[in-house]
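Computation of the quantities below employed the complete heavy-atom set of this structure, encompassing side-chain atoms and omitting hydrogens, waters and symmetry-equivalent molecules.
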Amino acid sequence: MKTSTQPESKILKTLMAIGHEVYLGIVRSRVYRRSEVLFSEGDESRSIHVVKKGSVRLVKQDPSGRDRVIGIFGEGDTIGAAEVLTGSPYLVTAVARGKVVTAKIPFRALRELAMRHPALAFAVGEDLGHTFAGVLGSVEHLSVGRAQERIASLLVSLAERWPGETPGQIPIGLTRQEIADMAGVTVETCIRTISKFKTDGLIRQFPRKSMVIDVAALQSLAGAA
């Protein structure tokens with residue numbers, strides 16, 4: 001899913017600029033297999049995770065006990081930072097969607113280093129802002145009109161967030177359950193809507209690893225809500 005326009009982590013870039021030895025002293029590379037948990041809801045938050053390869057779904061348990069996907073984050077994204085910064089337990093569970101490589105950074109060491117290097121503190125804020133914008137985007141889809149407008153809005157947002165090699169490409173595979181959860185609709189409704197979008201030519205490709213959408217048409221549909 002890496003592209004030339006993929007946002008890179010300001011935290012990792014700044015740490016490298018401070019010094020390679022500093023980077024190696026604070027960053028721990030971790031590899032996760034599909035469905036492996038990076039951290040769980042309620043765990044004590046001690047480290048932030050920067051996604052270097054692959055993608056991660058964030059899930060939260062609803063009142064019925066079912067885990068629902070609230071967002072998907074990929075290369076360049078920072079997860080777990082909000083909880084670490086506020087000293088609260090992790091608010092969600094992070095699960096690898098496939099093979100995932102992260103840079104795991106203990107917050108205590110990051111904080112001490114940021115006190116000596118203001119550029120690093122600024123980088124943490126930038127990365128946190130990028131992640132927060134992604135969360136806000138996920139919440140926004142829950143308040144947009146009917147199911148088809150919600151799903152259209154979600155797909156456009158994902159295409160804008162992770163621009164692929166071709167216009168309208170979303171360079172990650174999405175399950176219908178993930179789309180349904182993030183759009184706040186049932187999976188049955190999602191299946192019907194995706195099928196209609198494909199029939200109408202709004203989704204031109206829906207393979208396992210990526211999809212291609214008609215951004216302009218879906219933007220128009222989402223704006224009709």
Side-chain angles (χ1 to χ4, degrees), residues 1-2 6-16 18 22-62 66-115 117-142 157-158 161-162 172 174 178 181-182:
M1 84 187 253
K2 184 73 173 176
Q6 177 67 40
E8 62 180 344
S9 167
K10 300 295 192 302
I11 294 176
L12 298 185
K13 184 178 179 180
T14 304
L15 283 171
M16 284 296 295
I18 293 173
V22 171
Y23 181 95
L24 293 178
I26 192 174
V27 177
R28 296 291 179 267
S29 182
R30 290 288 307 274
V31 179
Y32 298 89
R33 301 183 301 273
R34 177 184 296 274
S35 300
E36 192 171 355
V37 173
L38 284 68
F39 54 80
S40 297
E41 181 177 350
D43 285 352
E44 182 180 358
S45 59
R46 296 179 178 177
S47 302
I48 66 173
H49 297 254
V50 179
V51 182
K52 298 175 67 177
K53 181 179 180 180
S55 58
V56 175
R57 70 170 63 91
L58 300 186
V59 300
K60 190 168 182 64
Q61 204 170 75
D62 66 16
R66 180 184 179 278
D67 285 339
R68 294 188 178 275
V69 180
I70 64 169
I72 293 176
F73 295 85
E75 296 171 24
D77 285 332
T78 300
I79 56 177
E83 294 94 329
V84 170
L85 287 170
T86 58
S88 64
Y90 289 119
L91 301 175
V92 296
T93 297
V95 183
R97 301 178 69 246
K99 180 181 178 181
V100 171
V101 180
T102 73
K104 185 176 181 181
I105 309 174
F107 181 66
R108 180 177 295 180
L110 182 65
R111 180 180 58 191
E112 293 175 355
L113 193 59
M115 291 176 67
H117 298 275
L120 181 57
F122 185 73
V124 172
E126 276 196 289
D127 278 3
L128 181 58
H130 175 73
T131 300
F132 185 61
V135 173
L136 281 181
S138 297
V139 173
E140 181 182 11
H141 306 309
L142 299 177
S157 175
L158 292 174
R161 186 174 177 197
W162 291 314
I172 60 172
L174 293 168
E178 288 172 334
D181 283 354
M182 289 189 287

Notebook entry, point to check: For Arg46, what residues pass the salt bridge (charged side-chain N to carboxylate O under 4.0 Å, His left out) criterion, not counting sequence neighbours?
Noted result: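 For Arg46, the residues satisfying salt bridge (charged side-chain N to carboxylate O under 4.0 Å, His left out) (neighbours in sequence not counted) are Glu44.
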Check: Considering residues at least two apart in sequence or located in another chain, which fulfil the salt bridge (charged side-chain N to carboxylate O under 4.0 Å, His left out) criterion with Lys60?
Finding: Glu41
Checklist line | Sequence-distant partners of Ser29, side-chain hydrogen bond (donor to acceptor under 3.5 Å, both in side chains), two or more places apart | finding: none
Notebook entry, point to check: Which residues satisfy the side-chain hydrogen bond (donor to acceptor under 3.5 Å, both in side chains) test with Ser35, sequence neighbours excluded?
Noted result: none
Notebook entry, point to check: Would a distance-only check, ignoring hydrogens and angles, find a side-chain to backbone donor-acceptor pair under 3.5 Å from Arg34 to Arg97?
Noted result: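 Indeed, once roles are kept as given, a pair shorter than 3.5 Å links the two residues.
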Check: Looking only at atom types and distance, does a side-chain atom of Ser45 sit under 3.5 Å from a main-chain N or O of Ser88, one as donor and one as acceptor?
Finding: yes
Next item on the list: Show your reasoning for whether side-chain contact (heavy atoms from CB on, under 4.5 Å) applies to Ile48 and Ile11.
Entry: CA-CA 11 Å; Ile48 66 173; Ile11 294 176; 3.7 Å; yes
Check: So does Arg66 have more than 12 non-hydrogen atoms from other groups sitting under 6.0 Å from CZ?
Finding: yes
Notebook entry, point to check: So Leu15 and Leu113, side-chain contact (heavy atoms from CB on, under 4.5 Å) or not? Walk me through it.
Noted result: CA-CA 9 Å; Leu15 283 171; Leu113 193 59; 3.4 Å; yes
Spacing of [X] atom [atom1] and [Y] atom [atom2] [to the nearest 0.5 Å]:
{"X": "Phe107", "Y": "Ile105", "atom1": "CZ", "atom2": "CD1", "answer": "11.0 Å"}
{"X": "Arg33", "Y": "Lys99", "atom1": "CZ", "atom2": "NZ", "answer": "11.5 Å"}
{"X": "Tyr90", "Y": "Leu58", "atom1": "OH", "atom2": "CG", "answer": "11.5 Å"}
{"X": "Asp77", "Y": "Arg161", "atom1": "CG", "atom2": "CZ", "answer": "4.5 Å"}
{"X": "Phe73", "Y": "Ser55", "atom1": "CZ", "atom2": "OG", "answer": "11.5 Å"}
{"X": "Leu38", "Y": "Thr102", "atom1": "CG", "atom2": "OG1", "answer": "5.5 Å"}

Notebook entry, point to check: What's the shortest heavy-atom distance between Leu12 and Ala103, and which atoms?
Noted result: CD2-CB, 3.9 Å
Next item on the list: Quick one: closest heavy-atom pair of Pro106 and Ile26, and the distance?
Entry: CD-O, 3.4 Å
Check: Are the side chains of Thr93 and Asp43 in touch, meaning some heavy atoms are under 4.5 Å apart?
Finding: no
Notebook entry, point to check: By ring-ring contact (aromatic ring centres under 6.0 Å, His included), which residues pair with Tyr23, not counting sequence neighbours?
Noted result: none
Check: According to the salt bridge (charged side-chain N to carboxylate O under 4.0 Å, His left out) rule, which pairs have a member within residues 82-96, sequence neighbours left out?
Finding: none
Check: So, Asp67 and Arg57, do they make that salt bridge, N to O below 4.0 Å?
Finding: no
Checklist line | Partner of Ile72 under side-chain contact (heavy atoms from CB on, under 4.5 Å), chosen from Asp181, Leu174, Val56 | finding: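 Testing each of Asp181, Leu174, Val56 against Ile72, the sole residue satisfying side-chain contact (heavy atoms from CB on, under 4.5 Å) is Leu174.
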Notebook entry, point to check: Parallel, tilted or perpendicular: which fits the ring planes of Phe39 and His49, with parallel below 30° and perpendicular above 60°?
Noted result: tilted
Item checked: Stepwise side-chain contact (heavy atoms from CB on, under 4.5 Å) check, Thr78 with Val124 -> CA-CA 9 Å; Thr78 300; Val124 172; over 6 Å; no
